[in-house]
S.K.: 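Take this structure, written in structure tokens, and hold onto it; I'll ask about it next.
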Amino acid sequence: MKLKIVTWNINSIRLREDHVCSLLAKYKPDIICLQELKAPTESVPISRLEELGYKYRVIRGQKSYNGVAIISRIPLSDADYCDYCLKGDARHVSARLSNGVEIQNFYIPAGGDIPNREENKKFAHKLDFLNEMKINFIKKRLSKTILVGDLNIAPLEHDVWSHSQLLKVVSHTPIEIEALQKVAEAGNFIDITRKNIPDGLLYSWWSYRSPNWSMSNRGRRLDHIWATSDIAMKAHSSFILKEARSWERPSDHVPVFAEFNL
DNA sequence: ATGGTAGTTTGACTA
């Protein structure tokens with residue numbers, strides 16, 4: 001079975017329904033995982049997705065903030081979610097494919113501006129969320145799992161525009177990177193994007209605050225596709241659709257793709 | 001050190 005999967009922080013599904021539909025029409029992934037729907041479940045537009053053949057979905061919306069979804073043209077079962085940190089945030093959803101492969105879609109907290117747990121509640125939340133993921137994955141002994149999402153951490157030197165200048169900037173601090181590594185180890189996960197594209201700068205997000213984002217190219221790789229080691233060697237053809245950042249009224253994140261021969 | 005932009009709950013929150 002071939003599986004083409006894409007993850008995208010869409011930053012409002014209602015504002016960017018057109019973008020999602022044109023992406024699906026052109027690239028025809030089997031599954032798209034979305035983050036930051038910024039809409040309640042009942043307000044997420046689904047009719048055009050259905051028309052495009054995406055008849056299966058698990059949507060966990062939320063008013064104003066967060067919101068995640070798995071949209072699929074192949075059947076999904078065992079829809080589930082975890083309420084990490086018990087805040088009621090819609091930051092996780094999961095589902096299973098007919099071949100037993102599990103899809104996990106995450107929107108990890110951004111963590112605010114100050115990289116200090118005592119001074120910044122949002123940073124504490126981010127670290128707590130990562131720790132809960134780790135504990136959860138140790139308990140579950142995962143296999144045949146693909147984890148995707150906006151993890152809000154750029155772990156490698158070449159995942160940011162300046163490693164030295166971002167060491168104290170939330171998303172690239174050693175404490176976050178170490179926490180994320182522990183999550184990956186606990187779940188036996190491999191970073192598929194970097195396995196397929198080991199060398200060179202790789203970004204999936206460029207801030208809205210830079211009017212000249214393309215020229216300055218101060219990006220970060222915050223969006224990830226991971227797979228457990230038992231299926232990691234089945235992944236290929238990873239790519240990041242940088243051009244989506246130039247589309248009209250774009251999300252600040254771009255789609256990240258991978259394919260699997262399962 | 002500061003401010004820059006965008007989206008949503010129209011004003012202050014999030015990123």
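To find a chain, count down the sequence lines: A is the first, B the second, and so on, and within it residues start at 1. The figures that follow rest on heavy atoms only: side chains count, while hydrogens, waters and symmetry mates do not.
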S.K.: For residues A:Asn11 and A:Lys38, is any side-chain donor paired with an opposing acceptor at under 3.5 Å?
M.R.: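 Yes, A:Lys38 and A:Asn11 have a side-chain donor paired with an acceptor closer than 3.5 Å.
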
S.K.: Can you tell me if A:Trp206 and A:Asn217 form a side-chain donor-acceptor pair at under 3.5 Å?
M.R.: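 A:Trp206 vs A:Asn217: donor-acceptor pair found between side chains.
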
S.K.: When the C1' atoms of B:dT10 and B:dA6 are considered, how many whole Å apart are they?
M.R.: 15 Å

S.K.: Would you indicate what A:Arg16 reaches in the nucleic acid, counting non-hydrogen atoms under 4.0 angstrom: base, sugar-phosphate, or nothing?
M.R.: sugar-phosphate

S.K.: Among A:Val6, A:Asn105, A:Thr7, A:Val148, which one satisfies side-chain contact (heavy atoms from CB on, under 4.5 Å) with A:Ile32?
M.R.: A:Val6

S.K.: Taking the six-membered ring for Trp, is the centroid-to-centroid distance between A:His92 and A:Phe106 below 6.0 Å?
M.R.: yes

S.K.: Before you tell me yes or no, could you show the steps for A:Arg245 and A:Asp252 under salt bridge (Lys or Arg N to Asp or Glu O under 4.0 Å), namely the whole-Å CA-CA distance, both residues' side-chain angles and the distance that decides it to 0.1 Å?
M.R.: CA-CA 7 Å; A:Arg245 188 63 178 76; A:Asp252 46 352; over 6 Å; no

S.K.: What's the gap between B:dG3 and B:dG7 when it is taken at their P atoms, as a whole Å value?
M.R.: 22 Å

S.K.: Give the rounded distance in Å between these two atoms: CG of A:Leu15 and P of B:dA6.
M.R.: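 Computing the A:Leu15:CG to B:dA6:P distance gives 11 Å.
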
S.K.: Check the side chains of A:Trp226 and A:Asp191 for a donor-acceptor pair under 3.5 angstrom, ignoring hydrogens and angles.
M.R.: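 A:Asp191 vs A:Trp226: no donor-acceptor pair found between side chains.
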
S.K.: Assign each of A:Ser207 and A:Arg14 to its nearest nucleotide of DNA chain B by heavy atoms, then name whichever residue's nucleotide is nearer the 5' end.
M.R.: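 The residue whose closest nucleotide sits nearer the 5' end is A:Ser207.
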
S.K.: Quote, to the nearest angstrom, the C1' distance that separates B:dG4 from B:dA15.
M.R.: 14 Å

S.K.: Could you pull out the protein-nucleic contacts involving nucleotides 11-15 of chain B (nitrogen or oxygen on both sides, under 3.5 Å)?
M.R.:
unit_1, atom_1, unit_2, atom_2, d
B:dT14, OP2, A:Lys122, NZ, 3.0
B:dA15, N6, A:Arg209, NH2, 2.5
B:dA15, N1, A:Arg209, NH2, 3.0

